Every structure is written in structure tokens, then in C-alpha cells.
There are 2 protein chains.
Amino acid sequence: MMDEAAFLEQYDITAYRAPIATVDMAIFTVLEEQLQVLLYRRGEHPHKDRWALPGGIIDVGVDVDLEAAARRKLHGKTGVASPYLEQVATVGNGGRDPRGWSLSVLYFALLPAEGVTLSHGWGAAQAQWRPVTEDGVDMPLAFDHTELLTAAVQRLRGKVAYTALPAHLLGEEFTLSELQRVYEILLGRKIEKSAFRKRILDAGVVESAAGRKRTGANRPAQLYRRRQSASSHLFPRNLATGDL
Amino acid sequence: MMDEAAFLEQYDITAYRAPIATVDMAIFTVLEEQLQVLLYRRGEHPHKDRWALPGGIIDVGVDVDLEAAARRKLHGKTGVASPYLEQVATVGNGGRDPRGWSLSVLYFALLPAEGVTLSHGWGAAQAQWRPVTEDGVDMPLAFDHTELLTAAVQRLRGKVAYTALPAHLLGEEFTLSELQRVYEILLGRKIEKSAFRKRILDAGVVESAAGRKRTGANRPAQLYRRRQSASSHLFPRNLATGDL
DNA sequence: AAAATAGTGTCTGTCAGACACTATTGC
DNA sequence: GCAATAGTGTCTGACAGACACTATTTT
């Protein structure tokens, strides 16, 4: 009979043909009144010169865990360290990558457009924001990234009406009007102002910050910031006008 | 300059130290008026003799995709081929498995207790249903399976009030009273009958089946069955009495 | 008739949705 | 004052939640 220490001694990890393990990122922002996603043009095989979601192979020597791998990819492309990050799903099969059976963990990130400096990183020819139309982007993508992007967009859109997630698309401080505008862009329709404000404030997902924002020939607006609970909070009912 | 075919030709998949890739299953049923989860006692190292969620290493030679791997594990333990299956999350880090950096994709399955014959499968000393109390089970589990189970239970509980998922815990045909009872068990509280029936029927997630069920000295109940849309449907508002 | 569960009808408080109104700034 | 946006108040219809009622079976 063998104990666990002895078992591990003789265990050969390379005896198993493991799948390729990767992380892919759908990085969203709101820019020019549109939801946009960060894509880069692949500079290496496979799918060289095609547009793709940022991502890549998990490095078990560098990444302490899955989320660290995701943050590493994100930081490399945007320079942003700690945006809102959420795991969407994992896909895995023998056909999605010509290199063999591969498994990809998909994350989405939300970040404010200001302060982001896109850098190519190695292996990427270009990186740029592309507007999201309906559930995707109007260009073919490498691998199964079209499907991955659709899944990420649907997850995001599905949560908009029930959570305070869109607040992460704005900077530290923002006005309720700005927040409402982001909701409207994500939902693709107008929201009734009074109901929106009541529900956001009642939910306690934002707190007022000192100071007001003055932009033009009009009444200045109170500034707010996210509260800690903001991301996880589920509104008891729908937030925006109209169901779903 | 190399084209893609030439690239793949010289590409050596074993040059990368990939994580161990596994699938774990939280298999739920309702038995004896309680939510129960299927556990098995490990017959091999590591964590020999500890209770664990069914699962194991993905076999890229056998499993065409991730879900196939999950169904293979499920079928091996229960003999059930096609229950409700949903991906919950993926965890990965260097410390959760003594064999090395490992990555586990967690699924949960819902199935009716009738007709399930538990079999050990190889590598398992015993398999049995264990009641779920609060967010877990009252025994230590192997690896990080306590956390995995908690995640699965929370996902299930979180969706109960907004979806028709609990219908998958019953057989082909069931009465509305039986369905209501399952909801009550999962939510841990009574639901008002009239409201429950109105919302289930209005949502159109079940359809009446021919025949009625007669059990005792009382009025027989109409039988219903799930409709195709049942699993994905989101109720516009909460289904059960009381929020969340 | 009694017991037991199936199934329906009605009332009420709450809240989403609509809309109109007041407030505060620059010009 | 006028334009423009911030922010509030009020009415109404719909529905969740509570509760009481009717219906159908066996014993």
C-alpha cells in the first residue's frame, strides 16, 4: 500500500496528454456613445493577420491562478491593472485551435475609456477598439472568437438591467446622468429619468461624492462614486424601463 | 516567411507545460424532501478515502468537447445520459491539486431521483447522495471541492426564483403541487399556491399532459410536462413569494 | 358527510412607468 | 429672460402577496 507522498513521488504529470489551456478576454468600454470591444490583429500563426480577442496560453510558471493569467493579458494590452473582471464561460474541444484540443476560459472586463493607452504587446500587429453591433463585431475573428464575443456581450447585456455593472465603465466619479447614458447605450433604448434615479439611489450602489460637475450653461450635477457592493448587487426588480 | 501549414508542421505541443485539466460535477437531486448532492469516496491518491465530487481528468482522446467530458463522468456514476447540465465556473491555480497547477471546469446537473442507479465506477470505493445543508454538505471534501460545491449550490439557489430549472428535478410528468414542493425545498420556505400557479402557467414553461394523477382520498391533479423553452426562460419578475 | 388535496377568485399595497413640474446654472 | 440640464412630485395601471373560497376525489 502506497501513501500519498509516495504516490506523488512516482506521479508523472507528462504522462497525460493535456489540452492546451488559454485565457481570452472581452475587454469592453464605452467610447463615442457606443459599446466597444478591444481587438488585436494577430502577428503570429495560427490565424496570423486575423483580428482576435486578446488572450493566450496560461503560463503555469508565471500565473498563480486563472484570474492572474487574465489580468496579465489585460494589463499587457491596456496598461490597466484592476478593472471589473468577470469569468464568463469555458469552451473546450478538439477543433477550435489547429494546434490541437484546446480549452479557453473567457473573461470580460469593463473599464473607462479615459486613461487607457493601447499597446500592441508582442505578437500583435495592431490593437484597437471596435464598436459592438447587436451581439458582435462586423468582421470575422480568429478561432471561435466570434462565438466567444457573442457570449460575453450577451452576459453583459443580460446583467445590465439587474445590476450596477455599467458603473465600471465610468471613471471614479460620475453624475447620475452620465450613468444613465451608459445604461441607455448598453440597453439600446431610453430610460425614464425619475425611475432610474430612484432605483439606483434606493439600491445604495452609489454614494454621493463631494463636489459637483459643471459642464455648460446649465445646473451642475452631483457627483457620485461606486460603493463596494456595487458589482454584486442584484436589484430586486428590473432597473430599467421595460422588461429584459 | 512561414505559412500556417508550415508553422503547424514544426509546432511542438509538448513544449508548453500545460496545467492539468479536469471536469468536476455537482449532481443534484431531491430525495426525502431534501436537496441532495452525489459524492463518492476516492479510492486512489491523491486524497484517497476522502469524499469528493465526481469528476476527473479530461481525456483529449475520448472527449470531443468539454460537455462530453462532463457527460462521461456523469454517466459513469449515475447511468443517466441527458439530464439538465450547466457550466458553473472554472477554477485554476497551483495549489488546489498536489499533482501540480490544475484547472477544473465545474458543472452542475439536475436529475430526478427515480431511475438513478448509483455505480461506483473505477477508482471509487462508494458513491452516495448526501443532503445539502445551507450552501454545502456536513463533511470535509477532497481538494477544493467544498468551495466548488458552494459555488454550484449558490448558482442553483440563485436561479430557482427566476427560472423553471427545478422542473428538471422531477420526472417526465408531474403535477403543479409536486413542482411547487420542489421550489419550496430549494428555497427553504413556503410559497403561496395561487401566485405560484399563475406565474408558472403564464410563463408557459410547462404544458398540460393528457391524464391526471390520483394518489389518495382527494381530487386528482392535472399532469404537466416541461416545455422546450423551460430551462432558458427568465421570469420577468420573481417567481416565489418574497424577494430573492 | 368528512377528509384531503386541487384549483380559482378577490382584495390590497407597492412599485414601475409616464409625465409634469421645479431648480440651478451660463449667456 | 432663455436655453439647457439637474432633480422632484404625482398619478395610474399592473401585479405580487394574502386569504378565502369552490371543486373533485376516496372512504
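What you see is a predicted model, and the numbers here were worked out from it, not measured in a lab.
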* Structure fact -> By ring pair (Phe, Tyr, Trp, His ring centres under 6.0 Å), F108(B) pairs with (sequence neighbours left out) none
Specify the separation, in whole Å, of atom [atom1] of [X] and atom [atom2] of [N].
| X | N | atom1 | atom2 | value |
| --- | --- | --- | --- | --- |
| L201(A) | dT8(D) | CG | C1' | 12 Å |
| D202(A) | dG17(C) | CG | C1' | 15 Å |
| Q180(B) | dG17(D) | CD | C1' | 13 Å |
| Q222(A) | dT8(D) | CD | C1' | 15 Å |
| K213(A) | dA4(D) | NZ | C1' | 16 Å |
| I191(B) | dC19(D) | CD1 | P | 16 Å |
| L179(B) | dA6(C) | CG | P | 12 Å |
| R189(B) | dA16(D) | CZ | P | 14 Å |

Using distance only, find each side-chain donor-acceptor pair of residues 127-136 of chain A under 3.5 Å and give its atom names and separation, not counting sequence neighbours.
| unit_1 | atom_1 | unit_2 | atom_2 | d |
| --- | --- | --- | --- | --- |
| Q128(A) | OE1 | R130(A) | NH1 | 3.1 |
| D135(A) | OD2 | Q154(A) | NE2 | 3.2 |

* **Base-contact (B) and sugar-phosphate-only (S) positions in nucleotides 20-27 of chain C, heavy-atom cut-off under 4.0 Å, - elsewhere** => ---BBBS-
* **Euclidean distance, N93(A) CG relative to L103(A) CG, rounded to 0.5 Å** => 9.5 Å
* To do: Taking only the side-chain nitrogens and oxygens of S177(A), find out if one of them lies under 4.0 Å from OP1 or OP2 of dA6(D).
  => yes
* side-chain hydrogen bond (donor to acceptor under 3.5 Å, both in side chains) pairs, two or more places apart, involving residues 200-210 of chain B -> none
* **With sequence neighbours excluded, residues passing salt bridge (Lys or Arg N to Asp or Glu O under 4.0 Å) with E33(A)** => R181(A)
* **Residues forming a salt bridge (Lys or Arg N to Asp or Glu O under 4.0 Å) with E86(A), sequence neighbours excluded** => R155(A), K159(A)
